[in-house]
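Residue numbers start at 1 and run along the sequence shown. Ligands are counted one by one from 1 in listed order, and the atoms in each one are counted from 1 as well.
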Amino acid sequence: MSALNTRCYRTVDYVFTPPAITSVLVAGGGAFPVRRVFCVGRNYAAHAREMGSDPNREPPFFFMKPADALLLKDADMPYPPQSNQLHHEMELVAGIGIGGANIAESDALSHVWGYAAGLDMTRRDLQNAAKKEGKPWDMGKGFDHSAPIGLMAPASRIGHPVSGLIELKVNGTVRQSSDLSKMIWSVPETIAYLSGLVTLAPGDLIFTGTPENVAAVERGDVLEGIVEGVGTVRTRIV
Ligand code: MN
């Protein structure tokens, strides 16, 4: 028995097969193994206003989805249970390649491996009920298949987008359309802030918030999102 095995898995007798690692396919080949999924709330002023909040620069706040809430390869999204108000939130997703705590804003982009287009699907009725009662958002946000995501584009190829169209069409009609430059907290600012709360690790994803005009979708709707220079995400609600 090697020292390495002693430290790791040699002696572990799993009582059932450990789950497979969720990974996002990389444009051009390979796969980005996902560790955790962080999401930024209210990161575009116009969306903060439509949700009834003051869009002034309060500190960013975060919630999470489990990694296995990711919906990959443009798969269909089953309409979730316990909700009659499934909302779309079109977002830029940043993927962390190098972890760290208390990452300086000036150094933050060197921790990003790549970017993807994603959807933070939300059971708005459950989220609103939780908000009203001061309860956690988890069941409004972190449910099965709640995070459709497209291919990951390496930052080494596309750079670090700071502006560009972020748009969602539903059944071919534009529903959300904005620009990445309208984020309240930039990606480096977000990483700096989040890494002061938790130690970031390779594989962490950060959904960076949605612009205005979130709205409900129904079974049969086809959602097609694009983040200019990054990629696309597509799903059909079934
Ligand atoms: Mn969101």
Side-chain angles (χ1 to χ4, degrees), residues 24 34 36-55 57-71 77 80 83 85-96 115-131 135-150 161 164-170 175-187 189-191 193-194 197-198 204-217 221 223-227 230-235 237:
V24 177
V34 177
R36 294 170 293 187
V37 180
F38 297 96
C39 305
V40 186
R42 297 179 203 132
N43 201 23
Y44 289 76
H47 173 61
R49 279 192 292 269
E50 78 180 349
M51 299 306 288
S53 299
D54 182 343
R57 284 170 65 98
E58 298 168 2
F61 69 94
F62 302 91
F63 58 91
M64 297 184 72
K65 297 184 186 232
D68 58 9
L70 291 167
L71 184 64
M77 178 184 178
S83 178
Q85 196 179 26
L86 176 63
H87 271 200
H88 54 72
E89 296 192 358
M90 181 64 209
E91 311 202 359
L92 169 71
V93 183
I96 297 293
Y115 296 89
L119 284 160
D120 165 18
M121 299 301 290
T122 301
R123 290 194 283 210
R124 192 72 71 199
D125 42 2
L126 297 196
Q127 185 200 24
N128 285 343
K131 276 185 191 174
K135 291 176 177 169
W137 291 10
D138 300 46
M139 292 300 108
K141 287 289 195 178
F143 52 94
D144 298 342
H145 319 298
S146 62
I149 189 168
L165 180 72
I166 177 168
E167 185 173 88
L168 178 71
K169 290 180 180 173
V170 178
R175 282 274 191 96
Q176 292 187 269
S177 187
S178 187
D179 195 281
L180 297 177
S181 63
K182 293 183 178 172
M183 282 189 204
I184 297 171
W185 297 94
S186 68
V187 170
E189 288 171 329
T190 299
I191 289 170
Y193 202 93
L194 179 57
L197 291 165
V198 293
D204 287 339
L205 296 179
I206 304 173
F207 280 63
T208 60
T210 193
E212 67 276 21
N213 296 326
V214 300
V217 290
D221 285 350
L223 285 62
E224 297 170 294
I226 185 165
V227 179
V230 172
T232 59
V233 59
R234 183 183 190 281
T235 190
I237 311 299

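Considering K169, H47, E167, H88 as possible partners of Q176, the one that fulfils the side-chain hydrogen bond (donor to acceptor under 3.5 Å, both in side chains) test is H88.
Within the structure, salt bridge (Lys or Arg N to Asp or Glu O under 4.0 Å) contacts touching residues 137-147 (residues at least two apart or in different chains) are E89-K141, D120-K141.
Minimum interatomic distance between A117 and V233 (heavy atoms only, all atoms of both residues): O-CB, 3.6 Å. The two residues G209 and Y44 have their closest heavy-atom pair at O-CE1, 3.3 Å.
Every residue two or more places apart in sequence or in another chain was checked for a salt bridge (charged side-chain N to carboxylate O under 4.0 Å, His left out) with E212, and none qualifies. Checked against ring-ring contact (aromatic ring centres under 6.0 Å, His included), Y115 has the following partners two or more places apart in sequence or in another chain: H160.
Around the Mn ion (ligand 1), protein N, O or S atoms at less than 2.8 Å comprise E89 OE1, E91 OE2, D120 OD2.
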